[in-house]
Amino acid sequence: PQGQVNVIGTSFATHVEDIIYPDGKPLQQTKIIVREGIVEWKSETQSSQRLTAGQTFTFPATNERLEAVIKELVRLNPGYDGQYEAIEVDGHVRNLKIVGDMLVDISPLADLPWLHMLDVSASDGRRGRLANIEVLRSFKQLVNFSAHRQNIRDLRPLADASSLIAILMNANPIEDIGPLATLPLEVLHLADTPIGNLGVLAGKQLTEVNLLSTVIDELDLRPLQGAPLNRIWCKATTRENLQVLRECRCLQTINDQNK
């Protein structure tokens, strides 16, 4: 990786498995792989240490700007306990994960404009109350956004996050994905959402899509024709949808089953 990379947080353990710098694409998961160079963590009481693949650590927070943001999130969101996991590169917080069960107001995140990955998903089995993501309009470097099991309907703020290639928002009351039309999407998870039309996805270079739903019976998959899909989760029983899947030459799995 180019420069110094610190992995910081308050309670989460981070698995050192995958780091994508300096290829240009930031992390698409919360795990880090050490491929080359040095990945470091620091605290006030311990010196920097080199991490190797497969090791797991819990990292103390060291970033003052991030600490101020977390403190304000705690103030604005009663019930949020201030826990988080973050990755810092050259003094800037790039990746941030917060368990979003109690989040309602995430506006303090505006003070972290260098974020590449943000995860505010609610816990499995829980339903969050986060509905307003207006703060994301200013995140020009954001590449990966996760917010599973929240209460987000309006995706218009994401239209201005022009670097987004991965959106993971299963189980949200999203009906209109029109605001995603101009984004360079590669990964899109919208399972259990009431979307009814995939037209804006036509021509996108999607490699992974999750459209399984208990809300909509079966979506028209024809807008996905020509996409270099590797994995898809969907219902496909109509002749048209089955034909779309047959024509996906790169497709490896359908609903976790080999093609």
Side-chain angles (χ1 to χ4, degrees), residues 5-19 26-32 41 43 56-89 91-155 157-158 161 163-174 187 189:
V5 179
N6 294 329
V7 183
I8 56 182
T10 52
S11 65
F12 293 93
T14 299
H15 299 275
V16 182
E17 289 187 4
D18 192 12
I19 188 155
L27 298 172
Q28 294 197 23
Q29 303 292 333
T30 57
K31 297 180 179 180
I32 305 174
W41 67 276
S43 70
T56 303
F57 296 85
T58 298
F59 301 94
T62 60
N63 185 286
E64 292 182 2
R65 180 188 289 262
L66 177 58
E67 284 295 283
V69 168
I70 296 299
K71 184 177 180 179
E72 186 67 1
L73 286 172
V74 170
R75 185 183 73 81
L76 294 173
N77 297 277
Y80 169 51
D81 59 8
Q83 295 186 7
Y84 67 90
E85 181 181 84
I87 296 173
E88 176 187 288
V89 180
H92 298 310
V93 177
R94 300 295 194 189
N95 295 13
L96 178 63
K97 178 181 179 181
I98 299 172
V99 176
D101 296 0
M102 306 304 294
L103 293 181
V104 176
D105 186 344
I106 60 171
S107 59
L109 296 178
D111 285 339
L112 301 174
W114 302 280
L115 279 176
H116 285 179
M117 189 196 83
L118 175 63
D119 187 344
V120 291
S121 299
S123 304
D124 289 343
R126 300 287 297 273
R127 173 68 68 175
R129 296 179 296 153
L130 178 64
N132 188 334
I133 55 172
E134 190 68 24
V135 68
L136 299 186
R137 288 188 186 275
S138 61
F139 284 28
K140 303 303 182 184
Q141 298 184 43
L142 189 66
V143 176
N144 184 308
F145 177 59
S146 297
H148 296 308
R149 297 171 293 279
Q150 291 291 359
N151 193 36
I152 300 166
R153 297 176 183 270
D154 186 0
L155 298 183
L158 297 183
S163 296
L164 270 172
I165 63 172
I167 294 176
L168 301 96
M169 298 181 66
N170 294 340
N172 278 272
I174 300 165
V187 177
H189 286 210

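- A side-chain donor from one of Gln83 and Asp81 sits under 3.5 Å from a side-chain acceptor of the other.
- Under the side chain to side chain donor-acceptor pair (under 3.5 Å) criterion, Arg127 pairs with no residue at all, not counting sequence neighbours.
- Arg65 meets the side-chain contact (heavy atoms from CB on, under 4.5 Å) test with Asn63, Asp111, Leu112, Trp114; sequence neighbours excluded.
- Between Pro108 and Glu72, the shortest heavy-atom contact is CG-CG, 3.5 Å.
- Across every non-hydrogen atom of Ile152 and Leu155, the tightest pair is CG2-CD2, 4.3 Å.
- Formation of a donor-acceptor pair under 3.5 Å by the Arg149 side chain with backbone atoms of Ser123 is found in this model.
- Partners of His148 by ring-ring contact (aromatic ring centres under 6.0 Å, His included), not counting sequence neighbours: none found.
- Nearest heavy atoms, Ile106 versus Ile133: CD1-CG2, 4.4 Å.
- Listed by chain and residue number, Arg156, Pro157 satisfy the side-chain contact (heavy atoms from CB on, under 4.5 Å) test with Asp154 (two or more places apart in sequence, or in another chain).
- Other residues, nucleotides and ligands place no more than 12 heavy atoms under 6.0 Å from the NZ atom of Lys71.
- Using a distance-only test at 3.5 Å, with no hydrogens or angles considered, a donor-acceptor pair links the side chain of Asp105 to the main chain of Ser107.
- Checked by atom type and distance alone, the side chain of Asp101 never pairs as donor or acceptor with a backbone atom of Arg126 at under 3.5 Å.
- When all heavy atoms of Phe145 and Ala147 are compared, the closest pair comes out as CZ-CB, 3.6 Å.
- Take Asn151 and apply the side chain to side chain donor-acceptor pair (under 3.5 Å) test, not counting sequence neighbours, and it matches no residue.
- Across every non-hydrogen atom of Ala161 and Leu136, the tightest pair is CB-O, 3.9 Å.
- In the displayed structure, Arg137 atom CZ is contacted under 6.0 Å by more than 12 heavy atoms of other residues, nucleotides or ligands.
- Under the side chain to side chain donor-acceptor pair (under 3.5 Å) criterion, Ser163 pairs with no residue at all, not counting sequence neighbours.
- Side-chain contact between Leu164 and Phe139 is absent, with no heavy atoms from C-beta onward closer than 4.5 Å.
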